[in-house]
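The next block holds one structure in the form of structure tokens; read it before the comments.
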There are 2 protein chains.
Amino acid sequence: MGNADYTYPSTNVEHAHEVAIPPPQPFFKSLKASMKETFFPDDPLQQFKNQPPVAKFKLGLQYFLPILEWGPRYTFQFLKADLISGITIASLAIPQGISYAKLANLPPILGLYSSFVPPLVYAMMGSSRDLAVGTVAVASLLTASMLGNEVNANENPTLYLHLAFTATFFAGVFQASLGILRLGFIVDFLSHATIVGFMAGAATVVCLQQLKGILGLDHFTHGTDLVSVMRSVFSQTHRWRWESAVLGFCFLFYLLLARFFSKRRPKLFWISAMAPLTSVILGSVLVYLTHAEKHGVQVSKRRPKLFWISAMAPLTSVILGSVLVYLTHAEKHGVQVIGELKKGLNPLSIMDLSFGTPYLSTIIKTGIITGVIALAEGIAVGRSFAMYKNYQIDGNKEMIAFGMMNIAGSFTSCYLTTGPFSRSAVNFNAGCKTAVSNIVMALAVMITLLFLTPLFHYTPLVVLSSIIIAAMLGLIDYEAAIHLWQVDKFDFVVCMSAYMGVVFGSVEIGLVIAVALSLLRILLFVARPRTLVLGNIPDSMIYRSVDQYPNANNVPGILILEIDAPMYFANSSYLRERISRWIDEEEDKLKSSGEISLQYVIFDMGAVGNIDTSGISMLEEVKKSTDRRGLTMVLANPGGEVMKKLNKSRLIELIGQEWIYLTVGEAVGACNYMLHTCKPKPKPVTTSESETWGDNV
Amino acid sequence: MGNADYTYPSTNVEHAHEVAIPPPQPFFKSLKASMKETFFPDDPLQQFKNQPPVAKFKLGLQYFLPILEWGPRYTFQFLKADLISGITIASLAIPQGISYAKLANLPPILGLYSSFVPPLVYAMMGSSRDLAVGTVAVASLLTASMLGNEVNANENPTLYLHLAFTATFFAGVFQASLGILRLGFIVDFLSHATIVGFMAGAATVVCLQQLKGILGLDHFTHGTDLVSVMRSVFSQTHRWRWESAVLGFCFLFYLLLARFFSKRRPKLFWISAMAPLTSVILGSVLVYLTHAEKHGVQVSKRRPKLFWISAMAPLTSVILGSVLVYLTHAEKHGVQVIGELKKGLNPLSIMDLSFGTPYLSTIIKTGIITGVIALAEGIAVGRSFAMYKNYQIDGNKEMIAFGMMNIAGSFTSCYLTTGPFSRSAVNFNAGCKTAVSNIVMALAVMITLLFLTPLFHYTPLVVLSSIIIAAMLGLIDYEAAIHLWQVDKFDFVVCMSAYMGVVFGSVEIGLVIAVALSLLRILLFVARPRTLVLGNIPDSMIYRSVDQYPNANNVPGILILEIDAPMYFANSSYLRERISRWIDEEEDKLKSSGEISLQYVIFDMGAVGNIDTSGISMLEEVKKSTDRRGLTMVLANPGGEVMKKLNKSRLIELIGQEWIYLTVGEAVGACNYMLHTCKPKPKPVTTSESETWGDNV
């Protein structure tokens with residue numbers, strides 16, 4: 001990186017282009033454009049232009065109820081595909097719904113209710129063709145933990161139930177508001193790294209909670225963090241039921257095996273569909289014969305065409321277990337079973353919504369947090385499938401759909417639902433074509449509710465625990481974490497912090513830590529911007545960073561700095577000091593090497609996206625400082641926004657229009673011309689002591 | 001902006017430069033460099049290099065006690081200048097100290113104590129040569145309002161006093177911690193616009209509070225906001241004392257006139273020095289003759305060489321008022337006077353620090369908020385004068401000095417002090433050379449404390465109110481607000497929000513709103529980045545925004561987009577949709593105009609400072625989307641960080657190293673070459689329906 005190879009470029013000053021100040025726009029016009037870009041980036045109202053009022057009304061109705069748009073185009077082919085996928089996801093929905101409802105400390109029947117009404121609402125209002133609606137473990141866990149801090153679900157089940165409905169209502173209202181106010185970008189602030197860590201942490205916590213069921217413990221800690229659970233588990237080693245533990249792990253092994261098979265042989269999806277049924281039957285038989293108190297197995301599924309195997313696995317486990325318990329009357333031997341599930345469809349719960357309760361602030365907080373997390377997953381799922389199948393989804397419209405779904409659910413004895421990734425993946429792999437698969441699932445659940453609930457009377461609870469554990473293990477995406485470590489270590493730190501925060505603190509703490517770290521990254525990017533010294537790529541007019549291009553040559557007498565962030569208040573002091581330090585280092589280096597002294601400092605403003613008044617002040621101060629040192633400050637490639645501000649603040653006049661160039665190459669050419677034709681400027685005498693404060697303030 | 005003028009540039013593909021991936025650095029080395037840049041940007045330990053241990057120890061001691069460094073170089077010339085400036089600021093310190101202590105609902109003598117010990121500590125530990133230490137109105141107001149919410153100063157004066165000392169202690173600890181942990185950049189997040197609005201709002205609130213003294217009301221609202229004060233004032237119109245109001249406004253007018261004179265005739269500084277003395281004397285005489293109950297005038301000063309006038313003005317008002325009251329025994333006629341001020345130096349107050357009080361959380365909160373605001377002002381003052389006089393200040397070292405000053409103050413019956421701008425400006429204009437001016441001020445205050453406190457026995461309180469009002473009016477910098485409106489409207493909104501928040505809500509609300517809006521700006525810059533279409537500047541290889549350069553020509557068949565922000569999680573979804581929309585618009589435009597269809601999309605990454613894993617995913621998705629549409633994605637000018645991430649995530653292989661160029665010009669040249677030599681690529685058949693989910697997840 002020497003100077004020996006530097007050849008002076010041939011442009012001279014007269015060929016330089018003028019840097020334009022963008023044509024001024026009326027304030028309100030630019031404000032309107034900014035607002036439009038912030039809130040309506042996908043321009044959803046474009047289709048409404050140039051339409052008669054009747055068409056506008058029709059389009060508006062179709063906007064909120066997309067079923068009116070794709071419904072008339074529905075064919076029998078679609079129906080066939082949707083029937084298959086609908087029944088497949090129903091076989092997952094029934095056991096998972098019951099399991100997750102227990103996780104939320106709610107009556108198990110709520111899991112079935114929540115797979116009836118919300119999918120119907122989503123099918124009318126949602127935009128995704130592949131999303132399958134249902135409850136999720138994380139939201140269930142959060143509900144249990146946040147509401148459980150205030151009201152004990154065992155002592156006050158009715159109050160707890162009403163609080164859960166009210167929290168679901170607030171979650172729905174919050175989600176719909178975000179959609180209506182076009183604030184959907186808030187969900188974008190949950191980065192992928194955050195979600196990976198958070199989901200893994202939540203899955204870990206849920207698995208830890210299942211130790212209660214697997215080990216057959218009666219008394220268990222209320223805390224969700226690792227330390228409390230381990231203490232609770234290991235302080236009661238004498239109370240562990242080895243039978244239930246052994247059976248639980250057997251079923252778990254069986255279900256995980258089914259899932260493994262699914263991944264290896266994509267065509268044999270039906271094998272994993274059978275696994276849960278068979279596990280349930282086997283489980284019940286074993287319970288009877290061995291007087292085992294608890295046992296449970298489970299299955300879940302993640303991927304390609306063997307999805308049938310793992311889709312059916314939970315249901316088969318449940319049925320197997322129930323049959324075994326029934327035949328063996330194991331419930332009389334102390335095996336905990338689900339028990340009585342009321343027949344009939346969802347009862348109305350509008351009257352149960354408790355707005356006047358003293359726990360209102362907790363409910364609202366629970367609603368907002370669970371609502372946001374449910375949204376993040378649901379929107380991510382919708383977008384992933386839409387991108388894969390190449391259709392468009394309006395994120396804000398989806399949020400309105402989710403919100404209405406949850407509001408309607410809160411009126412009909414459902415709790416928080418969203419579009420879980422695992423169930424939607426099953427839906428996709430089963431070949432769904434439209435949201436009618438959700439309608440089919442809802443009908444299957446309806447039939448279950450009306451006629452089949454007695455079947456679950458004998459289902460051992462440990463089966464549900466196993467089902468949950470196998471599903472949660474699928475959420476711990478360690479491959480994604482390794483990928484994060486390899487590509488971007490800060491993202492890995494965010495991911496790990498979310499995980500640690502959830503596992504060792506609580507779910508809310510983990511989420512807050514992860515979001516705070518993510519936002520900190522953005523703030524640090526602006527507060528500590530990268531500043532680079534540029535050098536000349538040999539035989540060209542191109543100037544790039546000497547770190548990235550070690551063969552780039554310095555230009556004698558000229559220091560070229562590039563600043564890689566907007567010049568905002570957050571970095572004004574830092575930039576001023578850093579620039580000063582760069583100049584000091586360069587002057588020291590030139591002094592010691594005896595070369596031509598520094599005359600010009602060129603700032604490449606190409607990456608400075610914007611500048612505020614603090615940044616303008618900083619540039620003024622740098623200008624005065626360079627004047628004092630006898631240097632000339634040159635700006636190269638300032639963008640539109642920067643030029644506007646320089647003009648309005650009159651800084652252009654202070655710097656001099658003649659010292660602002662379109663490219664670094666032209667700036668260097670002009671400086672070289674001056675260096676070789678003019679005498680160097682004398683260093684000025686410092687006169688600051690004789691001035692009084694206030695002349696320039 | 002047509003295509004007719006576009007001439008194909010003459011570069012062909014073989015002359016393109018290769019875009020380099022920066023040489024890999026060991027992880028810990030780059031982490032160490034980042035931490036150094038974040039926490040030690042000014043490299044304070046540089047002087048310690050290559051020094052023997054004894055020298056290191058000496059340098060270390062000098063780092064914490066700068067007086068050891070400049071002390072030995074002190075000359076008699078400096079002493080002369082510092083004596084004059086020291087006495088000048090002492091004449092301001094005494095009346096202002098007493099006034100602000102009343103503002104904080106503390107015993108007036110505390111104002112004198114706080115101008116004795118803290119300046120001595122600062123003179124030993126501080127770095128600024130011009131900063132004058134003292135109490136400030138805003139911090140006094142905040143102390144009164146935040147502590148006053150918990151403890152009534154009139155009913156529980158001793159407890160209130162002890163809480164104030166403890167809050168000062170915590171403020172000092174917080175300030176010193178920020179300095180020691182090198183977290184000083186936190187103060188940078190209070191932008192200039194925020195401070196202008198906040199100070200103006202606080203000044204307005206303080207002036208409103210003085211209406212109690214001016215109008216002679218006994219009962220007054222505890223709230224600080226405009227509505228409460230106006231309601232309190234106008235509901236007691238029958239109790240207004242017209243005499244005190246008239247006198248108060250007379251003195252206020254007199255003091256403001258002195259200040260106006262100061263600005264006009266810089267050399268007559270001593271005139272404004274006399275004004276307060278004369279007002280005080282006149283005030284006392286008038287009180288006696290007219291049995292007026294309250295009256296008050298004041299003076300303050302802002303700028304150039306007539307600083308003498310307004311420096312002396314408060315003290316003269318106080319003395320004048322006291323003399324008048326003494327001669328006329330007006331205190332027996334109902335004029336409220338300061339009363340007994342204890343003689344003697346600061347009593348120790350270590351024993352009074354109340355760490356076990358139930359109000360501890362309020363105290364800590366008060367300490368932190370007042371500490372941060374005091375720091376913001378003190379650091380800004382130090383930096384402004386240092387930059388003006390061209391010496392360096394280490395912000396973090398200053399914070400340690402402020403912290404120790406306040407901790408020492410809390411041990412010696414002082415409350416929160418910092419370096420107020422107005423007093424430091426007086427110091428500067430009086431010709432101070434070093435921090436010895438603070439020592440001189442402290443000695444003058446010591447003499448006052450030991451011998452002169454009886455003089456203030458008869459000072460009417462309304463003089464103090466006028467002094468405060470005149471000082472506060474100087475803080476309302478409407479010119480700065482107008483400048484903000486002209487240059488940067490968002491900054492104006494931030495300023496106004498801070499002002500409105502303080503005046504209509506409370507001081508804390510105003511501060512929180514302003515900081516939140518400032519941070520929102522940074523987040524919005526990243527979350528909604530500017531995307532620009534670039535065109536060719538005629539007769540050059542330069543490509544700039546078509547908005548800024550309307551004469552820039554589009555290139556047929558090629559869409560060139562520039563993205564002006566890092567590609568982070570916060571903008572991944574937005575960018576993906578926006579890019580998609582740009583491509584749609586371009587294709588629609590080309591279709592309707594019948595020109596050559598779009599073949600290439602070039603992304604100018606010069607302004608993309610960094611990219612995280614969400615950004616990498618977004619680029620992958622854009623790549624797949626362009627492939628699906630039959631377009632080629634080309635990257636131009638990716639920076640070092642971006643290339644590193646592209647390499648680690650293998651995205652380079654997906655995009656193809658041959659489609660990454662050093663400049664937009666070279667990229668366009670290569671694409672043109674392809675456009676005119678090769679057949680266009682056929683649009684691919686969509687095959688996504690036959691794939692199963694999970695193959696690519």
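The chains referred to below are lettered A, B, ... by the order of the sequence lines, with proteins before strands, and numbering in each begins at 1.
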Please classify the contact of Thr663(B) with chain A as side chain, backbone, both or neither, using a heavy-atom distance under 4.5 Å. both

When you look at Phe490(A) and Thr613(B), which way does the side-chain contact (heavy atoms from CB on, under 4.5 Å) test go after all the steps? CA-CA 10 Å; Phe490(A) 198 106; Thr613(B) 48; over 6 Å; no

Full working for side-chain contact (heavy atoms from CB on, under 4.5 Å) between Glu621(B) and Arg383(A): CA-CA 11 Å; Glu621(B) 291 164 10; Arg383(A) 277 192 180 139; over 6 Å; no

Based on non-hydrogen pairs under 4.5 Å, which of Gly640(B), Gly609(B), Ser573(B), Ser649(B) is most in contact with chain A? Ser573(B)

Is it true that a side-chain atom of Arg544(B) and a backbone atom of Leu662(A) form a donor plus acceptor pair closer than 3.5 Å? yes

Using side-chain heavy atoms (C-beta onward) and a distance below 4.5 Å, is Asn571(A) in contact with Asp188(B)? no

Are any of the side-chain heavy atoms of Lys648(A) and His483(B) separated by less than 4.5 Å? no

Looking at residues at least two apart in the chain, or sitting in another chain, which of them share a salt bridge (charged side-chain N to carboxylate O under 4.0 Å, His left out) with Asp130(B)? Lys389(B)

Ranking His192(A), Gln486(A), Arg650(A), Met643(A) by heavy-atom pairs under 4.5 Å to chain B gives rank one to Gln486(A)

Given heavy-atom pairs under 4.5 angstrom as the criterion, report whether the side chain, backbone, both or neither of Ser518(A) touches chain B. both

Heavy-atom pairs under 4.5 Å with chain B, option from Leu646(A), Leu484(A), Asn637(A) with the top count: Asn637(A)

Whatever's closer than 4.5 Å to a heavy atom in chain B on Phe189(A) counts as both

So if I apply the side chain to side chain contact (heavy atoms under 4.5 Å, CB included) rule between Phe569(B) and each of Ile195(A), Val494(A), Ile522(A), which one comes out positive? Ile522(A)

At a heavy-atom distance under 4.5 Å, which candidate from Leu190(A), Asp488(A), Leu524(A) has the highest pair count against chain B? Asp488(A)

Heavy-atom cut-off 4.5 Å, strictly under: side chain, backbone, both or neither for Asp612(B) against chain A? both

For Ala570(B), is it the side chain, the backbone, both or neither that has a heavy atom under 4.5 Å from a heavy atom of chain A? both

As an exercise: rank Ser580(B), Ala607(B), Pro566(B) by heavy-atom pairs under 4.5 Å with chain A and give me the winner. Pro566(B)

So for Asn610(A), is it side chain, backbone, both, or neither that comes closer than 4.5 Å to the heavy atoms of chain B? both

Salt bridge (charged side-chain N to carboxylate O under 4.0 Å, His left out) partners for Glu641(A), two or more places apart: Lys644(A), Arg530(B)

Could you have a look at Asp547(A), Leu523(A), Val608(A) and say which one has the most heavy-atom pairs with chain B under 4.5 angstrom? Leu523(A)

Ser625(B) versus chain A, heavy atoms under 4.5 Å apart: side chain, backbone, both or neither? neither

Please state whether the side chain, the backbone, both or neither of Ile537(A) comes within less than 4.5 Å of a heavy atom of chain B. side chain

